[in-house]
Amino acid sequence: MNELLTVSWENGAVRLLDQNALPGEMRYLNFERWQDVVDAIRIMTVRGAPAIGATAALGLALAAQQIEGNSREDFLLQLDKAAWSFKGARPTAVNLFWAIDRLMKRARNCEGGIKEIRAIILGDATRMLGEDVDINRQMGAHGAALLPDNARVITHCNAGALATVGHGTALGVIRSAVEIGKKIHVFADETRPRLQGMKLTAWELQRDGIPVTIIADNMAAVLLRDRKADCVIVGADRIASNGDTANKIGTYGLAVQAHYHGVPFYVAAPLSTIDFDLQNGTQIPIEERDPTEMTHAGETNLAPFDVPVWNPAFDVTPANLITAIITEKGIARAPFLESLAALRA
Ligand code: MRU
């Protein structure tokens, strides 16, 4: 497989593959100011829950190098402000909060001075990159067993190498299945309104030589009805402790359709995507994005002038529509409250 370098730390800067330029152009952007990393997350130069978490971690490490505190306390105060800027960039993907909280805890617990805190945060942040790839590979190994040979798989949005540091979550399961010799055909929902399925999933699978067909989001029901899809597999932005799962808008509809047609619906996500503080999906904050994502194709407005638009970026699939949640520690099935807690232990 052609490993993609989605997020990295290069010569004191955060380097991102510019996902807004794909598939037309494969270009990397270097960020030398932490505030620009916050913006890159907001405007989706980088996107996908684990990739956002890894980028925020590197961004906080950059902030730690740049903040000059008068004292250790002043430094931590300013670092905390930077941490809050990252947390405000995208509210649904919990990996961002998980990564920032993990680093801030390490910073506060460090008994050394500013220099030592800087070193600890940078060390931890760069280590998180490798951890993410390892976790995705473990998830892939567990999930690959669920896919039959010659499986036809529907996926939604992009939960691939681009959405992580490497390998992917939902696409990582597919990649791992292909690596052990299974033949898989992927149907990629185009994923309105930002088209991550058409622009990103199709691009990265094609690059790896994994057969992929793009379908309009509203085609999936027909494939499921006609027995042309064997399962659905998606990623997640945040999973409540009972298994309710927030993922890209349209995931819930796809889960309803799969359930109706008796087709397995799988979620692949690392344990860092599970928010054990939330009892159920109603507590997951859902990001709402700019109306122009819906109304415009490039610079062209396709909608009546000034028409109201509602553009939530995510929806919540209730746990009862989910066949299994694939994590790096194993596969959880209903009742998820117990099975997810057991994997965490
Ligand atoms: O708005 P995006 O592109 O960041 O949304 C991404 C998704 O919904 C993914 O499915 C999810 O983050 C899982 S990625 C491994």
Side-chain angles (χ1 to χ4, degrees), residues 4 6-7 16-20 22 40-56 89-99 132-133 135-140 143 154-176 186 188-205 217 232-239 245-255 265-275 284-290 293-294 311-317 322 325-328:
L4 277 170
T6 309
V7 184
L16 299 175
L17 176 56
D18 182 2
Q19 301 197 30
N20 286 325
L22 291 172
I41 295 173
R42 190 176 294 120
I43 68 167
M44 296 172 66
T45 302
V46 62
R47 30 68 49 205
I52 292 171
T55 304
R90 292 200 73 190
T92 303
V94 76
N95 307 59
L96 187 159
F97 299 82
W98 170 85
D132 184 65
V133 180
I135 284 170
N136 293 338
R137 289 211 155 265
Q138 290 160 24
M139 213 183 311
I154 299 179
T155 191
H156 191 69
C157 194
N158 173 268
L162 290 168
T164 61
V165 181
H167 199 62
T169 58
L171 295 193
V173 169
I174 290 166
R175 281 200 168 90
S176 293
V186 179
D189 274 359
E190 63 168 349
T191 316
R192 285 281 295 153
R194 287 191 64 111
L195 307 176
Q196 290 94 327
M198 182 170 80
K199 291 182 169 181
L200 305 178
T201 296
W203 180 78
E204 68 165 270
L205 290 178
D217 298 340
V232 178
I233 180 162
V234 296
D237 284 83
R238 195 185 292 228
I239 301 176
T245 294
N247 191 50
K248 180 54 52 195
I249 190 78
T251 304
Y252 169 50
L254 188 56
F265 184 93
Y266 300 120
V267 173
L271 288 172
S272 57
T273 302
I274 302 169
D275 190 340
I284 299 176
I286 300 293
E287 175 186 10
E288 297 204 8
R289 293 188 62 86
D290 197 289
E293 290 187 347
M294 294 276 290
N311 184 24
F314 304 97
D315 58 26
V316 176
T317 298
I322 298 171
I325 298 177
I326 304 157
T327 77
E328 70 273 30

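As the structure lists them, so they are numbered: ligands from 1, and atoms in each ligand from 1. Each residue takes its place number in the sequence, starting with 1.
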Heavy-atom distance under 4.5 Å between the side chains of Val94 and Leu96, does that happen here? no
Are Arg238 and Phe97 in a cation-pi contact, defined as NZ or CZ under 6.0 Å from the six-membered ring centre and within 45° of the axis? yes
Every pair of nitrogen or oxygen atoms between ligand 1 and the protein that is under 3.5 angstrom apart - can you list them with their distances to 0.1 Å?
from: ligand 1; atom 1: 1 (O); to: Arg90; atom 2: NH1; distance (Å): 3.4
from: ligand 1; atom 1: 1 (O); to: Arg90; atom 2: NH2; distance (Å): 2.8
from: ligand 1; atom 1: 1 (O); to: Lys248; atom 2: NZ; distance (Å): 2.7
from: ligand 1; atom 1: 3 (O); to: Arg47; atom 2: NE; distance (Å): 2.9
from: ligand 1; atom 1: 3 (O); to: Arg47; atom 2: NH2; distance (Å): 3.2
from: ligand 1; atom 1: 3 (O); to: Gln196; atom 2: NE2; distance (Å): 2.9
from: ligand 1; atom 1: 4 (O); to: Gly48; atom 2: N; distance (Å): 2.9
from: ligand 1; atom 1: 4 (O); to: Arg90; atom 2: NH1; distance (Å): 2.8
from: ligand 1; atom 1: 8 (O); to: Asp237; atom 2: OD1; distance (Å): 2.8
from: ligand 1; atom 1: 8 (O); to: Asn247; atom 2: OD1; distance (Å): 3.1
from: ligand 1; atom 1: 8 (O); to: Lys248; atom 2: N; distance (Å): 3.3
from: ligand 1; atom 1: 10 (O); to: Asn247; atom 2: OD1; distance (Å): 2.6
from: ligand 1; atom 1: 12 (O); to: Ala49; atom 2: N; distance (Å): 2.8
from: ligand 1; atom 1: 12 (O); to: Asp237; atom 2: OD1; distance (Å): 3.1
from: ligand 1; atom 1: 12 (O); to: Asp237; atom 2: OD2; distance (Å): 3.0

Kindly indicate whether the side chain of Arg90, heavy atoms from C-beta on, has any atom under 4.5 Å from the side chain of Ile52. yes
Pair Glu204 + Arg175: basic N to acidic O under 4.0 Å: yes
The criterion is side chain to side chain contact (heavy atoms under 4.5 Å, CB included); which residues satisfy it with Ile135, sequence neighbours excluded? Met139, Pro270, Glu328
Determine, stepwise, if the pair Glu287 / Arg289 fulfils salt bridge (Lys or Arg N to Asp or Glu O under 4.0 Å). CA-CA 6 Å; Glu287 175 186 10; Arg289 293 188 62 86; 2.7 Å; yes
